[in-house]
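If you're wondering where the values come from, they're calculated on a predicted model, not measured in any experiment. Starting from 1, each residue takes its place in the sequence as its number.
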Amino acid sequence: MNELCALPPPPQSRAWEALRRLALSSGLALVLVFMVSVLVSDEPLKAFRAFSLGPLNSARALATLLEAAAPLMLSATGALVAFKAGHFTLGGEGQVYAGAFMAALAGAWCPEGSFGLLAAVMAGVLGGTLVAAPAAAGKRWAGADVLLVTFLLSQAALHVVDWAISGPFRDAGNNLIAMDPIPQASLLPRLVHNLPLTPVPLVAGLVSVGVWIFLSRTRCGTMLALYGRNSRFAALQNFPVRSFEWAPIIFAGAMHGLAGAALSLGSNGTAVRGISGGLGWNAIGAALVAGGEPLAVVPAAVLFSWLDSGARQAAIFTELPPDAAMIIKALVIMAATAKPAYTRLKALLGGRKRT
């Protein structure tokens, strides 16, 4: 009965937990960067300096860091909402890729200018939504396993988009495997001259704030969180569980598609094969490090972007492998989620002993 009536922790408790995770993750990341530098590089101090300070050593580097973190903020916010509703979606990678493809297609074919930009953004959102829609429909009408279905759909989308970019929609005049370039007038505008900074980080931050307000300050957001914790309790309370079965999955797909559109409409200028680059998987990690707090997604995404950028900087100036960031991110996610997993396991074992 206690589990049935369980309420989410108060906002203050959730905020402190998110801060704890972020502080732990940031500190552990620095320690791991230093350890990797010592173990792998012949010049550990130089490697550590390039890894940790390289992404922050100039206005251009900092702008690049924020711009790279913005699509991750969008996709992680979408994943977080799905997780809040109890839907553990693994379809982000395919949704991002489909969004990037659809945005590049619309941006190249629609009239240049603001209309072309808007059409490309909406097409990107549509692309991510289309990949997520079968999983949402399966959950709503057949009770399908969201985790399995979203993963399978994502893998299918990756293969289809790969074929489309390298086949019928490839720009034959480009040395890269890429689509036709989007006209300059239809690309995202620069906020600062000569800096690769577009409005996407600002939009991503506003989306995180909006989701935080929805989840923590509205009745529907509270019901969604309760549904995610216990769907039986939500049904007994006459919550709109039918909507909660599919709407968060669609929202996550839309946010991943929007992130894909940001990739194509930014510095890439079109969709390049492999443009998603693990963004969908990184979004899951950032959402976990954020601890379910939408506002914490912003620093979590910046942390992940800093690790990726730092690894590239260190690889350029030292012999540190560029894949070091992947190992560090994996360990950071494990550390950030260790306490909740341990608490949950302890509660389950305690419940079994009582029975």
Side-chain angles (χ1 to χ4, degrees), residues 2-26 69-89 92 132 136 146 200-256 258-259 283-304 333 336-337 339-341 343-344 347:
N2 289 337
E3 182 183 355
L4 186 65
C5 301
L7 294 174
Q12 296 85 353
S13 175
R14 297 198 305 269
W16 278 112
E17 175 62 18
L19 286 174
R20 183 196 70 81
R21 287 190 184 210
L22 287 170
L24 171 66
S25 301
S26 302
L72 181 55
M73 295 178 200
L74 292 170
S75 51
T77 301
L80 184 146
V81 172
F83 294 165
K84 277 285 189 181
H87 304 310
F88 297 100
T89 171
V146 173
V200 180
L202 177 61
V203 172
L206 291 176
V207 169
S208 297
V209 172
V211 170
W212 172 75
I213 292 173
F214 169 74
L215 290 174
S216 62
R217 295 292 186 269
T218 67
R219 184 170 181 268
C220 186
T222 302
M223 289 191 293
L224 177 69
L226 288 169
Y227 167 81
R229 291 172 65 85
N230 195 307
S231 58
R232 287 178 56 205
F233 172 71
L236 290 173
Q237 297 300 313
N238 291 321
F239 290 174
V241 294
R242 290 299 187 185
S243 297
F244 293 157
E245 287 175 350
W246 63 269
I249 303 172
I250 293 294
F251 177 78
M255 287 297 99
H256 282 84
L258 182 58
I284 296 174
L288 292 174
V289 169
E293 281 296 297
L295 293 181
V297 164
V298 175
V302 172
L303 173 64
F304 276 37
I333 294 170
T337 57
K339 182 178 178 181
T343 303
R344 179 63 177 165

Least distance between heavy atoms, T218 atom then G221 atom: OG1-N, 3.1 Å

Partners meeting side-chain contact (heavy atoms from CB on, under 4.5 Å) with R219 (sequence neighbours left out): M223

Counterpart residues, side-chain contact (heavy atoms from CB on, under 4.5 Å), relative to A247 (two or more places apart): none

Show me the donor-acceptor pairs, under 3.5 Å and distance only, between side chains in residues 73-81 and residues at least two apart or in other chains.
from: S75; atom 1: OG; to: P71; atom 2: O; distance (Å): 3.0
from: S75; atom 1: OG; to: L72; atom 2: O; distance (Å): 3.2
from: T77; atom 1: OG1; to: M73; atom 2: O; distance (Å): 2.7
from: T77; atom 1: OG1; to: S208; atom 2: OG; distance (Å): 3.3

From CA spacing to verdict: ring-ring contact (aromatic ring centres under 6.0 Å, His included), F239, Y227: CA-CA 8 Å; F239 290 174; Y227 167 81; 8.8 Å; no

Smallest separation among heavy atoms of H87 and E245, with atom names: NE2-O, 3.5 Å

Atom pair CG/SG of L215 and C220 - distance to nearest 0.5 Å: 9.5 Å

Name of the residue among L224, V146, T89 meeting side-chain contact (heavy atoms from CB on, under 4.5 Å) with P248: L224

Nearest-0.5 Å distance that lies between atom CG in L202 and atom CG in L206: 4.5 Å

Nearest heavy atoms of K84 and G292, plus distance in Å: CE-O, 3.0 Å

Close side-chain approach of F83 and I284, heavy atoms under 4.5 Å: yes

Residue pair G205 / V298: nearest heavy atoms and the distance that separates them: CA-CG2, 4.4 Å

